[in-house]
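When a residue number appears, it is its place in the shown sequence, counting from 1. Remember, predicted model here, so these are calculated numbers, not experimental data.
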Amino acid sequence: MTGLSGVPEVFRRAVAALRSVRPRPEVELDEVRPPQRLAPWTFALAAEVEGPSGELATGRLVLLHDPDGDEAWGGVLRLVVYARAELDPEVATDPLLPDVGWSWLTEALEACGAAHVALGGTITLTSSARFGDISGPPHTHDLELRGSWTALDPELTTHGEAFCELLANAAGLPPVGVAYLSHRKSG
């Protein structure tokens, strides 16, 4: 979002609410350039979280606004989320993993009180193997979540908080106020 001339008030309020989000310390949240041509007005945030075991979760939250509305959206403010989380090999083969990944989003929206309609999305699991001179771990496993929903009003602070909570869960962070206990071998 550049200049404010001609910007619809509902979009201004929505952007201001997203800018007001103060995530937990482990979540790095920044404004990024939004995708173009998806809607007349767009805004985007990106976040990165490193979990207690070094797992990385990254994501983008994109706000789309069409003053004329969109029948499929059921409103004028649509939020689109993309999240990617690194997985341990043992977790990557769990047949319930797609359901767990989707619950990270639905439970975050509910826990934060983010009123919405028309929620939908996909979970994709990938496993990659590296060969030859490509650096990095020989095998990686990732979960990708793509989702979108329509906000019921422009007060989007709770939606931004849900985005941060989604990534914290994906990175394996415990809830705020709960200590993470690591397994240590005694010797």
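- Atom CZ in Arg13 sits 9.5 Å away from atom CG in Leu156 (nearest 0.5 Å).
- The shortest non-hydrogen separation linking Cys164 to Pro23 is SG-CB, 3.6 Å.
- Here the closest non-hydrogen pair linking Thr42 and Ala39 is CG2-O, 3.9 Å.
- In this structure a side-chain-to-backbone donor-acceptor pair under 3.5 Å is present from Asp66 to Asp68.
- In the hydrophobic cluster analysis, where Ile, Leu, Val, Met, Phe, Trp and Tyr join through side-chain heavy atoms closer than 4.5 angstrom, Leu61 is grouped apart from Trp73.
- When all heavy atoms of Trp102 and Thr122 are compared, the closest pair comes out as CZ3-N, 4.2 Å.
- Using a 4.5 Å heavy-atom cutoff, the side chains of Leu105 and Trp149 are in contact.
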Worksheet item: Run the side chain to side chain contact (heavy atoms under 4.5 Å, CB included) check on Thr140 and Ser127 step by step: do they pass?
Response: CA-CA 6 Å; Thr140 59; Ser127 292; over 6 Å; no
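- Ala114 and Thr158 get closest at one heavy-atom pair: CA-OG1, 3.4 Å.
- Linking Ile, Leu, Val, Met, Phe, Trp and Tyr whenever their side-chain heavy atoms come within less than 4.5 Å leaves Leu63 and Val117 in two separate clusters.
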Fill in: Leu143 vs Ile123, side chain to side chain contact (heavy atoms under 4.5 Å, CB included): CA-CA, chis, key distance, verdict
CA-CA 7 Å; Leu143 178 144; Ile123 297 288; 4.0 Å; yes
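- Rounding to the nearest 0.5 angstrom, the gap separating the CZ atom in Arg84 from the CD atom in Glu48 is 9.0 Å.
- Hydrophobic cluster membership differs between Leu45 and Val32, with clusters built from Ile, Leu, Val, Met, Phe, Trp and Tyr side chains linked at under 4.5 angstrom.
- Placement of Leu109 and Val100 within a single hydrophobic cluster is found when ILVMFWY residues are connected by side-chain heavy-atom separations under 4.5 Å, directly or transitively.
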Worksheet entry | Residue pair Arg78, Ser148: steps toward the side chain to side chain donor-acceptor pair (under 3.5 Å) verdict | CA-CA 7 Å; Arg78 188 80 175 163; Ser148 62; 2.7 Å; yes
Item to complete: Start with the C-alpha gap between Arg24 and Leu173, add the side-chain angles, then the distance that decides, and say whether side chain to side chain contact (heavy atoms under 4.5 Å, CB included) holds.
Response: CA-CA 11 Å; Arg24 59 193 284 177; Leu173 292 179; 3.7 Å; yes
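- Under a hydrophobic-cluster definition in which Ile, Leu, Val, Met, Phe, Trp and Tyr are linked whenever side-chain heavy atoms come within less than 4.5 Å, directly or via other members, Leu77 and Leu152 are assigned to different clusters.
- Looking at heavy atoms from C-beta onward, Val76 lies in side-chain contact with His65 at the 4.5 angstrom threshold.
- Remark: the backbone N or O of Glu26 is not paired with any side-chain donor or acceptor of Glu28 at under 3.5 angstrom.
- A tilted orientation is assigned to the rings of Trp41 and Phe11, their planes being inclined by 30° to 60°.
- Considering every non-hydrogen atom in both Glu155 and Asp153, the closest pair reads N-OD1, 2.7 Å.
- Leu145 places none of its side-chain heavy atoms less than 4.5 Å from the side chain of Tyr82.
- Looking at heavy atoms from C-beta onward, Val62 lies out of side-chain contact with Phe43 at the 4.5 angstrom threshold.
- Residues Ala83 and Leu167 approach most closely at CB-CD2, 3.7 Å, considering heavy atoms.
- The side-chain heavy atoms of Pro98 and Leu125, taken from C-beta on, include a pair separated by under 4.5 Å.
- With sequence neighbours excluded, no residue forms a salt bridge (charged side-chain N to carboxylate O under 4.0 Å, His left out) with Arg60.
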Worksheet item: Given the rule in the side chain to side chain contact (heavy atoms under 4.5 Å, CB included) test, do Glu55 and Leu87 qualify, once you have shown the distances and angles that lead to the verdict?
Response: CA-CA 7 Å; Glu55 293 89 356; Leu87 302 171; over 6 Å; no
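- No side-chain heavy atom of Leu18 sits under 4.5 Å from any side-chain heavy atom of Phe163.
- Panel note: side chain His159, backbone Ala115; a donor-acceptor pair is recorded below 3.5 Å.
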